[in-house]
Structure formats: structure tokens, C-alpha cells
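Naming convention: chains lettered A, B, ... in sequence-line order (proteins, then strands); numbering from 1 in each chain. For the numbers below, each heavy atom of this structure counts, side chains included, while hydrogens, waters and symmetry mates do not. On a predicted model such as this, the values are computed, not experimentally measured, just so you know.
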Number of protein chains: 4
Amino acid sequence: MAKTVSNEKEVEVEGHLIDSMILTKIYDRIIELGGDYKTLEVRIGKHKTDTSYIRMIVKGKTPEKLKDILNEIHSLGATSIETAEATVVPAPSDMIFPDNFYSTTNNPTQIFFDGEWIEVEDTMMDKAIAISPITKRAHCKPIREVKKGDLIVVGEAGVRVKPPERSRKSTGIFKFMSSGSSSEKPASAVIRQIAQDLHNVKRAGGKVAVVAGPAVVHTGAAGALASLVRQGYVDVLLSGNALAVHDAEADILKTSLGVSLKEGVTDARGCRNHIVAINEIYKASSLRAAVEKGVLKSGIIYECLKKEVPFVLAGSIRDDGPLPDVITDTLVAQKEYKKRLKDVTMVLMLASTLHGIAVGNMLPSTVKLVCVDINPASVTKLLDRGSTQAVGVVSDIGTLLPLLAEEIGKLNSHKENTT
Amino acid sequence: MAKTVSNEKEVEVEGHLIDSMILTKIYDRIIELGGDYKTLEVRIGKHKTDTSYIRMIVKGKTPEKLKDILNEIHSLGATSIETAEATVVPAPSDMIFPDNFYSTTNNPTQIFFDGEWIEVEDTMMDKAIAISPITKRAHCKPIREVKKGDLIVVGEAGVRVKPPERSRKSTGIFKFMSSGSSSEKPASAVIRQIAQDLHNVKRAGGKVAVVAGPAVVHTGAAGALASLVRQGYVDVLLSGNALAVHDAEADILKTSLGVSLKEGVTDARGCRNHIVAINEIYKASSLRAAVEKGVLKSGIIYECLKKEVPFVLAGSIRDDGPLPDVITDTLVAQKEYKKRLKDVTMVLMLASTLHGIAVGNMLPSTVKLVCVDINPASVTKLLDRGSTQAVGVVSDIGTLLPLLAEEIGKLNSHKENTT
Amino acid sequence: MAKTVSNEKEVEVEGHLIDSMILTKIYDRIIELGGDYKTLEVRIGKHKTDTSYIRMIVKGKTPEKLKDILNEIHSLGATSIETAEATVVPAPSDMIFPDNFYSTTNNPTQIFFDGEWIEVEDTMMDKAIAISPITKRAHCKPIREVKKGDLIVVGEAGVRVKPPERSRKSTGIFKFMSSGSSSEKPASAVIRQIAQDLHNVKRAGGKVAVVAGPAVVHTGAAGALASLVRQGYVDVLLSGNALAVHDAEADILKTSLGVSLKEGVTDARGCRNHIVAINEIYKASSLRAAVEKGVLKSGIIYECLKKEVPFVLAGSIRDDGPLPDVITDTLVAQKEYKKRLKDVTMVLMLASTLHGIAVGNMLPSTVKLVCVDINPASVTKLLDRGSTQAVGVVSDIGTLLPLLAEEIGKLNSHKENTT
Amino acid sequence: MAKTVSNEKEVEVEGHLIDSMILTKIYDRIIELGGDYKTLEVRIGKHKTDTSYIRMIVKGKTPEKLKDILNEIHSLGATSIETAEATVVPAPSDMIFPDNFYSTTNNPTQIFFDGEWIEVEDTMMDKAIAISPITKRAHCKPIREVKKGDLIVVGEAGVRVKPPERSRKSTGIFKFMSSGSSSEKPASAVIRQIAQDLHNVKRAGGKVAVVAGPAVVHTGAAGALASLVRQGYVDVLLSGNALAVHDAEADILKTSLGVSLKEGVTDARGCRNHIVAINEIYKASSLRAAVEKGVLKSGIIYECLKKEVPFVLAGSIRDDGPLPDVITDTLVAQKEYKKRLKDVTMVLMLASTLHGIAVGNMLPSTVKLVCVDINPASVTKLLDRGSTQAVGVVSDIGTLLPLLAEEIGKLNSHKENTT
């Protein structure tokens, strides 16, 4: 889109334009930015599996305004008819993008470079695209990792985005709740559906990541999450210091934040229990050592270590301790999270806002996502970063998770019986 | 407190002054209203069952200010040393209180009339006290029910309030959660405790009222509430039109607001289902008739009718229909609610703000109260009107209620086995 | 759609199919209900003002399933190619609909009766359509108002719905916030936009209804709402007992629920203040009389009475008193609300869930709607019933309303200066 | 309390036992832990400035249980009659506490060491107390900072805690709202009071810390906070990456998260704006350099740098960038926060949960604390860690903060005029 001398431009877009509301969004942005359009050619898919195609002339009030519009609808998949090469500019120095850098979406993206379309790897939101002219590979790069001289894509020319397509299946929670989250859905149907989706993902060889906040332990649902790990439904656990501390406290002292998990009352000297738990882990030197030495005998972390399910504990400024296993440098923790999210198929976010948003920022839009939180605002915030298959459930993790583990147990035993 | 010529007055108060923070509150109000005090005599209960006693001189900046203070601390139980007769003034006309009417609290109240202390009956907040000089009985009267000439207590002289005492038992949810509601308590301990409390109340011959909102049905928990009714744990159900409509829809069409309770998806023509349910009940002429004719075969209302558990459905302006069984005049509905709440021992408020507040306004402070709602602000609002044994639980009714019914089932079967 | 012998049917739909996502929704429902489709003809509007047209064959797995699908997409505007007469059946008795009654949406609706398209009057959700064969007029009728023998439309044949079109304007809050409500929008821009919209509606001779909850008074914003009334921006006020009681308390005693509006502290004897306010109005006999007698000298209701702005106070079961002006029968109150909402152009819902939902149920989808509440769940609930021009604002009414009144004041004075 | 051979012990406690509910809490914990007590001597303060004193015998069911009780009531100020020396044990190795370590509260604490009472410095919750026998000074030490051989206090013997006293003043927001936060308080009174408190603190030479989340910028209140800084009402700003990024975006691009702060609509290419802002700061090398080079010309950070108000930006795993000025190691960031909170008199927490909780963990209970958030659950969470002068305000930061800045402006100009 380098030089736009007039205030009109012919663009085209192909895909599930109607189902995925892409055409609606393109029209919306043109109008919102004060532009106009004229449809030249339309092909609406005859059957539900067909894609649709539209070709149109987009007008802006000025060439400048047109450029704005083209940039905007570009991220929805509308590209200029004439295919241009992607423009690349070397990064002026370490950790600095060229001025007009192309900022990525979390959708599958390709660039036209040296006469061919190259798939961009490591798709994430809000990054730049760096191209290696030798290997002909393109990657999303965070600003911190850019080196002087890296070839960075600028402008939208030669960049093609495949906007997310909504699931076409007629069943599955990822379909029926796509209209957003609600606290007034039939809970047992929702739980059954999540269990079935998890089960299907695992049977198909998929990878499940769980992002969990300490409320999982406080509400007494640690046992339920531990059972999901034990049954093989969790491939990676992403969390922070508090989850592990309270998980250890629950095992060693049978309390969470000093509150007896069995009786619900505050223990004598209960308020020092989480510090005692930290001290015990320090004495053992690490969580793994604590399991080996028999200090930790149950819980979420225990099951992860037993099943060799990797976990990453990212530090935060509100941490007590933190535990020796916590990564206190947030840049290092981000890299570990990204590494562990590689090839993930489905993500469960359980009462975790901080780590949930961090994970949302790293996920491509094609990953299935289930967020559970008692606060509707947190669910909305998490889904905002979400995939197109994101589902929000406003519920109490302390009552939902045990019911989910029970449902998974049924599916699992059924599988064992029939195989 | 009729004539206060000076700006000092000697008062006394007796009761669980420390445990129930009554003394703290008295001091607070004196200071807040710009006054001062001098302690004359103190007896702190030696043992936990003993009451305490304090006698003090209260000062105000002016005689007027002193009067304000005395009025305020009066509702906390602090009364003048010299016992005065309650002053009564005839109501000037129907539905009008005399100007200086004494406005009631929801605490046990006595008036000194004709030389003796009379217990005020039908204790409720925000009413006046009417005395019959012939029968020597005193009642709380709402403004609408006052008749010209009714003898109404004015001022605070001769009125004695027994401020609420907190439970002295070392167990029970009414103790451990008294510090307020939280969404981060161990759910299974909370549920077990509510179940145990319900069970104890019923074993002791107590009366349980349930106030329920339509979310009980939408979240798929109607079956759980129906089972509590069937097992005899509900003595009266207070609700509105929506609960009964969606309960009927769930039975007749297997949906709630058109959403299939089994699958979680919206049925074909689902959005007309609640109107269809209303039409079916209209055709049968009433809910009872619908059960008798086999139109309604399950659900909350069905179980109530089978067990002869009375229910009151109060109309509201947002009602569809409403059902023939709904009392559309809110004054009549209030009277029915009050009648059914007579002698109630424990109240469960389940995801119901409108009817919950209505019930809260009618309850004396001695009734046990458990409020469950997913919105912490609703729980706070309900507890504000609450008893001193009020407990708030921030949770998802759709997952909590089935677990509660299960827990009750265990206690119940255990009871049957051992008897 | 009376007789569908095969499991295929040709349908057509015309309108802003893309902008308003109608086509997306039609495809969605077909797939969700297990059907399929084949597109026969497509005309996408060339310019933004043009409508689009599509003709397609819809298939169901069985003739029964096809019927389900056709019923569903019918409410989105998709009608059979052959125009059929609407089928009418007499109501079997008072207050009973015929079994297969057509349940209305809140969208503009027409029926094909006696060879011509008749516009359905009084469009509201969840009602039936009654036709008078003599006057050739059709009305939405609530179930309570149906008389034996009324001709009620059954099935979807001969009924045409014009699904809501989203605003095409590129400005206005009704555009920019259509993506839903948020607590993280720039507040001053939002307030300026609401003020401008209100101003434009009034200049164009439109009618504004305000639905307000008592929090308007508790948060100290009664003065701001009163000023909107005084400046002529409110044509009707719909509320309940509590708003008027606390408005009177604020004027007479300068407190709200006993809390001093100036100091924020609880007044001496503050908790009886709202009952005192009720008693004062009872003594005057009505709110109007209280203004005439000088008992009420300021506030929301005072300004309404001074400007002859009608207000309707609907009773609810949680009311104290209630005031003599309150309509305690909810059926009568519903009728009054409906009467006052006639021809309304814009509705402001201010911290009112109960009355807000009631009003939402009565509004056609073409009315502009702004909902303000501090609870995101309440905003979502209100918008669910909402128009296609509905806007949710999650904010504190106590700080937003004064800023809105200030903004309106500026626009108003500017108008006066320039005219 | 080292050796308790019997199951009874005589203890005493002195202070504002009634006003501050200390006696109530002591009785509560004794009963909750299954114990009993016998009051021996009581002196209740005659006037409001007097302290009270109580001496009692505490009983446990067993010597073990008694020890539990004594440990518990110890943190409320109840100490054994015979003054014992604090027991110290050397830390067994780096970063490990001795087993029975005394875990600190956030209340003023003294230890009896070598025959005299020593004040513990750097009071914070959940730490251990380390004593230097040479300097005779005692400090709170986090577990990470403990070195092998450090003398750590174990058990409760010889430790005296002064439980928090509630403010005795009859005015001030710290009094009237102490009963918890509410969204239904008169907003203008609340704002006026916060302004007055801030003003008084500054006049008295106090130090104000502001903890702010990015919603301050998103809701358009950055200008208001910047004006508080400019007027000298902020002595230190504690926040994270997002606040600074969006503050820079607001200045450079006039948007927040791509949304125009003036118009409320999403800008063309708006979603890349925060990355552009980060890139601009990277180009300048730091926020300070950006101000010096004229890249940043207004905003919160700009005002801080102009006024030399220190700010600390703590990294978190969800950060974009982060900016060069962000401390990515959370342990280092914690130390910086603690350093800057030294001697702080009042803290404003503005829509910040993560950093708010971090600060709450570091504050002694004597610091004034005002928390503003639109989510009541966040406010509750922050107050839980709070001081005894903590106030929660459930409101919209976008509307509250401009009104607060306006109020401060009035007080400030008034001060200037009168001096």
C-alpha cells in the first residue's frame, strides 16, 4: 500500500466472510473512518463449507484517510488486488522497531517476500515481524528481542492476515457459548461440555495448558485440579508463587491462608501458616526436593512432579517468599511461559487474572480457551485477548472444579472400560 | 427521656456488652455525635456466660445534642436510670404517625407501660409501636395499617431494646463466617456447615423459609431445590412469578429461557417457551390444577404442592404473564410473606435480590440467615438488613445447590439408618 | 409455513443483511439446528445505503426439523417465497392463547392478512398478535388481556419481521460503544456523547424517558437528575417507591437512608428518617399536595411536578410505606408504564435493575437506550432485552450524573446564546 | 510462654480495649479455640482518652490448647503477667527461619531482650524478627534476606504487640466509612472528605504515596492524576509498566489502548498505538530522556519527572515491552517499593489490584489508606491487608478522580489566597 496517489483503491477478500462476520467488520470500519465503498463482485459460498469472495472499491475522504482505512481492513484480510512485496527496514538499533513497523495480530499471517508467500511463525499479538532473507523464515519478535539490523516489516503491503473463523461444528461449548459468558447458564450442561471437550482434545493427542490462581486452593478445589493432573488431562501448569505456596500449606498444615480446609475456621496461629509452608520448602531447597524428601505428600504441585508435568511459576511484586522455584525476573518468566505454550491446543484459565492475561497475550487465535472466574469483569477481560473459540464461564471455582473432575472421572473410567 | 434540662444524663446498660460489641458501638456514637462520657461503674462478666453491666454519665454539647445522643444509644440498649413510662400519642388520622413516633429496629423490644414492661410483638424494622391499653399488648405497625386514634409510642422514653447478641457457640457457619462473606472460603466446608445447620434446625423442630430467584432454574439447580423440598427441608417458599414460570418451562419444555437444560443450547423457537409455559398454566387455571391434571410433573412448585409446602409468589412490574397464582398487589403480597415468615427459624436466600430484601425487612434480628449470590454486592445488600446470625456466601447457585442437596441427602439417609 | 411436505424450502430475505449481521445469524441458526443451505441468488448492496438480498434453499434433516429452522430464521426476516396468509385461530377463552401462537419479538412486524401487509402495533417482546378482521388492525397483546374469541396469529406463515438495523451513522455513542459496555472507556468522552445525543433527541422533538433507581439519591446525584428535569430533558420518569421516598428524605431531612448528604455521616436518629419522610407525605396526602403545601421544596419529584413531567411509581414487595402515589398493583403499574413509554425516542436507565428490566420488556428495538450501572452484570442484563441502539456504561451514578448535568448545561446555554 | 505446665495462665492487656474491639476479639478467639476465661480485674477508661486494662485467667482444655490460645491472643496484645525474655534462635542457614519463628503482624511490636523493651523496626506482615545483640536493634526480615546465624525470635514469649487503635476523631472519612466500603454513599461528600484528608496530611508535612493502575489512563483520568502531582499532593508513585505505557500513548498519540480519549472511538491502526508508544520511549532510551528530548510533553510520568517525584514501575508477566524504566526482577522491585514507602503517611490506591496488594503487604497498620475501585471485591481484598484507618470507595475512577482534582484545586487556591 506504499504509494496511494488517489483516494480510491480496489481490494479483495476471501474466506468465511459471512459466518465469521468479517464482511460486517470491514464495512463497519470503512464507515467509522468516514469512508465509502462500492461493491464490484460478490460470491457467497453456496454451501456451509464454501468460502465467500468479495471485490470492492474503497474510498477515503483524502488519500491519507484512504490509507488509514486500508491499514485497518487489512488486518481483517482485505488486501490490495495487486500483490506487492512486503517492505522491510532494518531495525535502527537493539530493541527499537523502525517507525512504521507492522504490528501483529494473533491471527495466522503471511508475508509476500521475494516473490512468495511466507508463513509468519510464533504468531502473537502486538509484535513486529522479522524476516531472515537467507532462511526465508519470518517470526513475530517482541521489542526486547530485536537486534540492530533485523529486517522488520513496515506498513501493510505484502502482509496477508487470515482472520479467525468461528467453529462450524454444531455442537461443543465453543459453539454454544460463543455469544459470551453468563452466570445464568445451566451449570451441569456447561461442565459436561467442558469435560467432553477436554476429553476429545486429549484423545486426539492435543496438549492442554492450565493457568490457575490461588483461589483454586482457597476455595478447596486443589484436590480436584490435582486429580485432573493425575488423570493426565494437564500437560503444563502456568501459575505464580501463591498457588504453590497455598498448595503446600494445604498439604503440610491442612489450611489455606490459615483457614482449615476441612472445618472452614481459622486455625490457631493460622496466619503464619503460609510462611511456615514457604520455610519448609526453603528447608527442602525446592518443590521437587520437598516431594522427594516426603515433605510434600499431595496436592497440585505434587501430582505435577509425580507425572513429570512441567509447571512454570512466575514471580510478581505481591509475592511472599517467594518459593525457590519461582522465576522472579518477569522477562525470563515470559519466555518460559511462551516455550511451554508452544503447540498447545486448549487452555483452561481458572480464577487467574494476572497470569491469565499474560497467557492470553501469547496465544494465537486458533487455540481453544475456557475461562472460569466468579467476577464477570475478569472473564470479559480475559476473553478480550481471546481466541475465536473462547468461552467464558462465570462461576465459583470451588464448586465447579470438583464437579468437572467428577465428570472427567466418568469419561475416563468409561474409556478404560471400553478399551 | 421527655425533659432533659441539663446536658448530662446518667444511663445504664446490661448485656453481652463486650462479645456483641455493644459498648464499642455506644462509645462510637457518643463520640461521633460530638459528646463525651464518664464511666461510673463497670462489671465485666467473669465467665463467658455472664452478662456485663456499665453505668455512665453521657454529656452532649447542648441539651439538644444530649437528646440526640440518648436517642441513638437507646437503640443499643442504654436506658436512663430512672424508668419512665412510654409516652403514647393517638395517631392523628388513618395511615399517619404522630410526629415524634418511635421507629423500631428489628431487635427484641419492650416498653414500660402502666408500670410494667411489655414485650413488643411482630418485631420488624422501620415500623411504629401501637399499644392497646385494654389488652396491654404492643405491636409493630406499618404506616399503612395505622388507624386514627391508635396509641403510638413517641420518643425513646420507656422503650428498651435488647441489642442482638452474637452466637456464643464455637462452631457453626453462623460463627465462623460472621466476619462477612467471601468468595475465597473452602466451598466444601461451607456447604457441609450449611447442610448441618439446616439439619439441626429441622431436627429441633424449627421452620425453614427459602427465598429463591429464577437463577436457581436458569443455572440448572431447580432439581436440587426440589429435592430439598421433597426431603422436608423447606417449610415455606417465598418467591415471584419468574421462578414459577421457569420452573414450569423446565418441566414442560426442558428448557430455561429457551436454553436446553441438558444440552445448554438454545432450542428451536426457544424464546417463546416461557410464554408457552405460562399459557399451559393458564389453560390449567392454576399451578395446583396443573399438577392435578398432570401438566406439571416435576420441579420446585410440583414438590411444594405434593408436600403441601406453602409458597407465595409476589408480583413485580417486570413479570411476564404473570401466572394466575401470583399476587399482583404488592401490599397483599407483603402481608402474605409476613404471615408465612411467622415463627421462622432459618432463612435461605438463593440468588434473589428483590424478594430477599423484602424478606430481610420483615425478619427479626434473631433469625438465622444464609444468603447465596454470585454478586458480592447483592450479598452485602442482603446482609445489611440481616440478623446477627447472617452469613453471606458468594458462589454460583448452579454448582453450590446440587452439592448442598447431596450433602443434605447424606445427613438424611444417615439419620434414617440410625433411627 | 402451514404444510411442509418435503424437507427443503426456498426462502428469501432483504435488508441490511451484512451490516446488521442478519445473514450471519441466519446461517448460524441453520447450522446449529443441524440443517444445511444452498445459496441461489445474492445481491449485496453496492453502496452503504443499499439493502442486500439473498435467496436460498434451506434443508432440514426431516420435514419436522425444517419447520423448526424456518420458524427460527423467520424471526430474522427470512420468509417463504410464496406469500401465505397469516393463520389466525380464536383464543379458546379469556387469558389463553391458542397452542401454536406466534410469540412476538420487539422488532417491527407485519402480517399478511386478507391479501395485504398490515403493520403490527404496540410492538413488544413475548406477546401474541391479535387481529381485528373489521378494522384490519393488528396489535401485540399480553396474555392477561386476551379475550375469548380474539383472533390470534398462529405459526410463522404470513408474518414478516424486519430485524433491527444497526445505526449507519459514523458518530454517536450508539455507534462507538455498540461493542458492549466497559468500565475502561474514557469517561469524559462517553459523558459528552450521551449529553450530545440527549440534546439532539430533544432538538428533534423526541421524547426522553428516564428510569431511575434510589441509588441516584443515595450517591448524591438527585440534584443532577432534578436539573435535567428542570432543563426539559426528561419527558417521563419511571421509577418506584424508594426513589421518591429518598428524594423526599433528601429534601426534608437532608439525608439519604439517614446519611447526611453533605457530611457523609449518619445523622442522629438517621435510621428513622425515611419513615419520617413517608409520614410527611402521608400527612400532605400525596406528593403533589406536598409540593403545593410547601412540604417538598426541591428534588427530582418536585421538579417533575413543577414542570408537569409525568412520573409513574410502581410498587414492589420490598417497599416501605409505600407512598400514596405508588401504584401497588403491578398489572396496573405495567399498563401505566406502557402508556407513558408510547412514542418514546430515547431511554436513560440509571442504576435501576427492577424497573429497568420492566421497561426493557416493553420497548421496541428501535428506541435508543443508555444504561448506567456500577455493576457490569446489571448492565449486561438490561442490554440483553435491549434495542439495537443500546449502550451500556459501567460507572458510578454518583459521579457520572453530575458531570452529565454539567455537560447538558453547557449545551443548553450554548443553544440559548445562539438562538 | 516457653513452658506452660498447667492449662491455665494469667494474662493482662492494656489499651483502647473497647473502642478498638480488642477485648471482643480476645474473648472471641478464646471461645473459638475451645477455651474459657475468668476475669480478675477490670478498669474501663473513664473518659474517651483513657485506656482500659483487664487481667484475666485463660484456660485451655489441655496445656497444648492453652498454648494455642495464648499464641493467638498474644497478637491482640494480651501478654503474660511475668515478663519473659524473648527467645532467639540462630537461623540454621541462609533464607531459612528456625522452626518456631514468630511471624509478625503489621502492628507496632516490641520485644523484651536483655532486660529491656526494644521497638521492632520496619514493621511488616508475615516476616520474622531478627535481633542484633550488639546494637540492640530488632528488624522485620523477609525470609529471602535472612542469613545463617541471624538471631530470630521464636515463640511469643517476650514479644508485645500494640494492636491498632481506631481513630478517635469525630470527623474525617477514616472514621465515617470505617464500617466498610459502599457504592451507595453520597459521592460528593466522600470526595470532599478525601480531598480534605489529603490536604491536611500535606499541610502537616506528611508523605503521600499513590498506587495507580492503567485504568486511570483508560478512563481518561490521567490528567486529573497529573494535576495532583503538579499541585504537590503526590510524594511517590508506585505502579507498573502498563500505566506508564498508556500514559505515554495518551500524550504521544492521544489514545488509550487505541481508543481516542477525546472522541471515544478506536483510531485507525489504534491497536498498534501502545507498541508505538513503547518504541518511542525505547528510541529516547528512558522516560526521563523522553521528557528531556520533548518526546513526552504531558501526563502523569511527565509531571513526576518535572517535580522530581520518584516513581517505581514494577514489572509483571503480562507486560508489553516493558519500558526501559521498568524493574523486571520482582525481588528488586519489592525492595524499591519498600524503600519508597518508608515514612509514608497516607496511601491512595487507584484502580490497582496487583500493585495495591503488594503495597498493602508492606504497610504498617498505622498508615491511612484510601482504595478506589469499581469492583467491590477488589476493594474488599485490598482492605483485608489494610490499616485500621482504611477506607474503601466503590466508584468509577474516570469520574471520581477529576472531581477529586477539582476539589483539591479549590482547597489549594484557597490556601494560596489566605497565605
Mark yes or no for whether C:Ser239, through its side chain, and C:Ala212, through its backbone, hold a donor-acceptor pair below 3.5 Å.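 Looks like yes, one N/O pair under 3.5 Å.
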Can you tell me how far [atom2] of [Y] sits from [atom1] of [X], rounded to the nearest 0.5 angstrom?
X: B:His74; Y: B:Thr105; atom1: NE2; atom2: OG1; result: 9.5 Å
X: B:Ile26; Y: B:Arg29; atom1: CD1; atom2: CZ; result: 12.0 Å
X: C:Cys271; Y: B:Glu72; atom1: SG; atom2: CD; result: 6.5 Å
X: C:Asp150; Y: C:Phe97; atom1: CG; atom2: CZ; result: 9.5 Å
X: B:Met125; Y: B:Cys140; atom1: CE; atom2: SG; result: 11.0 Å
X: C:Leu237; Y: C:His355; atom1: CG; atom2: NE2; result: 10.5 Å

So what's closer than 4.5 Å to chain C heavy atoms on [X]: side chain, backbone, both or neither?
X: B:Leu323; result: backbone
X: B:Phe101; result: both
X: B:Lys127; result: side chain
X: B:Gln334; result: both
X: B:Pro322; result: both
X: B:Asn100; result: both
X: B:Val276; result: both
X: B:Asn375; result: side chain

If you count heavy atoms of other groups shown closer than 6.0 angstrom to NZ of B:Lys65, is the number above 12?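 Counting neighbours around NZ of B:Lys65, 12 or fewer heavy atoms of other residues, nucleotides or ligands fall under 6.0 Å, so no.
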Classify the side-chain pair B:Thr255/B:Glu249 by whether it contains a donor and acceptor separated by less than 3.5 Å.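 There is such a pair between these side chains.
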I'd like to verify something: which residue of [options] has the highest number of heavy-atom pairs under 4.5 Å with chain C?
options: B:Asp68, B:Ile327, B:Thr328; value: B:Thr328
options: B:Val146, B:Ile317, B:Thr353; value: B:Ile317
options: B:Leu331, B:Ile143, B:Asp99, B:Asp94; value: B:Ile143

Using 4.0 Å as the upper bound for N to carboxylate O, is an ion pair formed by B:Glu64 and B:Lys67?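 Between B:Glu64 and B:Lys67 there is no salt bridge, as every charged N stays at least 4.0 Å from the carboxylate O atoms.
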Quick check on the interface: out of [options], who has the most heavy-atom pairs with chain B under 4.5 Å?
options: C:Ile69, C:Thr104, C:Asp126; value: C:Asp126
options: C:Ala314, C:Gly321, C:Pro142; value: C:Gly321
options: C:Asp329, C:Ile278, C:Asp319; value: C:Asp329
options: C:Val326, C:Asn279, C:Ile275; value: C:Asn279

